[in-house]
There are 2 protein chains.
Amino acid sequence: MTEANARRYMVVKNFIKQGIEDGSWKEHKRVPSENQLVETCNVSRMTARRALDELTEEGILYRVQGRGTFVAPKKLHSPMLEIRNIADEVSERGHKYSNELILLQKEQCPNHLLHYFDLDEGDDIYHSIMVHKEDNKPIQIEQRYVNPKAAPDYLKQNFNEMTPNVYLSAVAPLTQAEHQIEAKEADPFMRVTLKLQDNEPVLSIDRTTWSRDLLVSYCQLFHPASRFKLTGRFTTEHQLTEL
Amino acid sequence: MTEANARRYMVVKNFIKQGIEDGSWKEHKRVPSENQLVETCNVSRMTARRALDELTEEGILYRVQGRGTFVAPKKLHSPMLEIRNIADEVSERGHKYSNELILLQKEQCPNHLLHYFDLDEGDDIYHSIMVHKEDNKPIQIEQRYVNPKAAPDYLKQNFNEMTPNVYLSAVAPLTQAEHQIEAKEADPFMRVTLKLQDNEPVLSIDRTTWSRDLLVSYCQLFHPASRFKLTGRFTTEHQLTEL
DNA sequence: TAGTTCAACTTGTATATACAACTTAGCATA
DNA sequence: TATGCTAAGTTGTATATACAAGTTGAACTA
């Protein structure tokens with residue numbers, strides 16, 4: 001994969017990224033203008049422009065008409081408060097995703113969940129616990145209770161290939177969800193499993209999902225405070241607006 | 001607002017969006033190819049292409065080389081966290097709201113915020129710290145930096161009557177917001193102010209708000225883990241616009 | 001000195017063109 | 001019939017060019 005065959009706008013993008021990474025251009029400092037890149041990288045202005053545009057779209061640069069293109073202050077490019085596949089999230093950050101299955105079994109539905117799942121005492125429910133990792137460091141404990149009516153084959157799945165989230169979305173299209181987010185003190189299991197430091201709290205997300213009127217799953221996600229943030233953004237415009 | 005002066009790629013974008021909205025093209029169906037748009041909309045291929053590219057970037061379309069451009073299936077939208085008046089929230093729960101102003105002053109903008117607010121070193125900024133209480137128990141520390149350009153009379157307000165949030169929404173209509181949510185260990189000030197128990201962590205929300213292109217305010221909200229949860233809910237039926 | 005104008009430089013929009021890479025359907029061949 | 005090839009259509013990359021629009025600083029003027 002020499003640069004000879006590489007797409008030229010990628011060469012320019014990498015040139016800029018490299019320069020930011022090694023400190024040639026710092027936050028809010030100007031990077032080379034389109035015309036300077038034409039000279040330096042020996043590409044057309046449209047190609048240089050495409051590189052800068054894409055980096056702007058990615059939040060790495062920002063542009064001001066008439067002034068120039070600048071290095072954007074680094075934001076944690078983390079996902080929105082969105083229901084996503086954690087494996088995708090990790091690989092989008094350019095890291096290695098892996099996971100570890102700790103428990104996957106059928107068991108009697110715990111009493112406090114009976115009425116949520118509309119089950120009777122003694123009815124079975126599926127229960128899984130797994131740990132998701134980013135570059136081999138644990139970033140999420142996922143404890144999940146699944147409604148057998150919604151996903152009868154849940155226990156037969158191989159969750160190395162496909163996260164529970166993805167599998168459930170496939171067999172029971174998600175129509176509704178509810179979250180509850182809170183900070184919590186870690187218990188000993190979390191401290192060990194998430195490799196927490198002394199007194200490091202966890203960010204907890206409780207999520208309940210429905211497919212049509214059927215409650216599909218209730219899950220609890222625990223994240224180490226030091227390695228996980230939730231970010232969200234919204235705009236009030238963004239419809240068919242012009243100007 | 002006629003199409004004569006409109007940017008031409010916007011005309012094409014709206015043409016496609018309109019067609020999707022009124023059902024001309026449904027999910028996974030092909031929309032007109034670049035060359036067809038050249039004919040239909042009387043633009044160059046590069047302009048048609050830009051329109052399709054941007055709609056693809058926005059997740060409205062997807063493209064397959066050699067096959068065409070298609071309408072993307074509706075994505076789950078992020079369950080946005082509601083920006084609400086904490087006073088209303090508390091009284092909706094049937095409790096008594098009160099607050100305490102700890103600091104309200106003009107000061108030099110801290111260095112790490114200069115660029116965000118587009119200010120120069122030495123420029124003034126408004127700074128407030130207050131504690132919000134539910135039934136006289138503290139549930140939120142609000143530290144806020146306010147852009148004087150957006151709310152010149154911020155210092156003259158009586159925040160017993162109206163929370164900063166409400167006041168700012170009134171003088172500078174909110175158009176954009178960004179959040180960052182995380183669990184944190186409490187520092188001594190928080191422990192005292194929020195009356196935290198030993199090792200009780202806090203749920204921290206960083207929020208930046210804009211009115212049009214003007215950054216109005218940056219604030220940090222800290223909540224006792226034991227007395228505060230964030231909840232969100234969404235459905236796929238309708239795009240939620242919890243404002 | 002204070003204000004204005006202007007030239008140079010920046011990004012933003014738009015067009016025309018060329019060829020590469022990929023997909024599909026239909027045709028030709030074994 | 002089954003296979004392979006090709007032509008036509010699609011998106012992807014790249015260039016050259018032109019002008020619009022916004023910013024800045026230096027030269028000029030009152």
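So you know, we letter chains A, B, ... as the sequences are listed, proteins then strands, and number each from 1.
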* To do: Indicate whether OP1 or OP2 belonging to C/dA14 is found under 4.0 Å from a side-chain N or O atom of B/Tyr9.
  => no
* Structure fact -> Atom CZ of A/Arg30 and atom C1' of D/dG22 are separated, to the nearest Å, by 14 Å
* Spacing between B/Arg49 atom CZ and C/dA16 atom P, to the nearest angstrom -> 17 Å
* Asked: OP1, OP2 of D/dT15 versus side-chain N and O of A/Thr47: anything below 4.0 Å?
  -> yes
* Structure fact -> Rounded to whole Å, CZ of B/Arg7 lies from P of D/dC19 at a distance of 21 Å
* With distance as the sole criterion, is a donor-acceptor pair present between the side chains of A/Ser128 and A/Tyr154 under 3.5 Å? -> yes
* **Between C/dA16 (C1') and B/Arg50 (CZ): distance, integer Å** => 17 Å
* To do: Give a yes-or-no answer on whether the side chains of A/Asp206 and A/Tyr218 include a donor-acceptor pair shorter than 3.5 Å.
  => yes
* Asked: Using a cut-off of less than 4.0 Å, is there contact between a side-chain N or O of B/Ser33 and OP1 or OP2 of D/dT10?
  -> yes
* Structure fact -> Of A/Met130, A/Lys133, A/His132, A/Glu134, the one forming a side chain to side chain contact (heavy atoms under 4.5 Å, CB included) with A/Gln140 is A/His132
* To do: For A/Arg45, answer base if it contacts any base atom (sugar-phosphate contacts may also be present), sugar-phosphate if it contacts only those atoms, and nothing otherwise; contact means non-hydrogen atoms under 4.0 Å.
  => base
* **Stepwise salt bridge (charged side-chain N to carboxylate O under 4.0 Å, His left out) check, B/Arg63 with B/Glu34** => CA-CA 11 Å; B/Arg63 322 189 75 181; B/Glu34 294 172 0; 2.6 Å; yes
* Gap between atoms CG and C1', on A/Asn35 and D/dT23 respectively (whole Å) -> 16 Å
* Asked: Roughly how many Å is it from CZ in B/Arg67 to P in C/dC22, rounded to a whole number?
  -> 15 Å
* Separation of atom CZ in A/Arg8 from atom C1' in D/dG12, rounded to whole Å -> 15 Å
* What is the distance from CD of A/Glu34 to P of D/dT15, rounded to the nearest Å? -> 14 Å
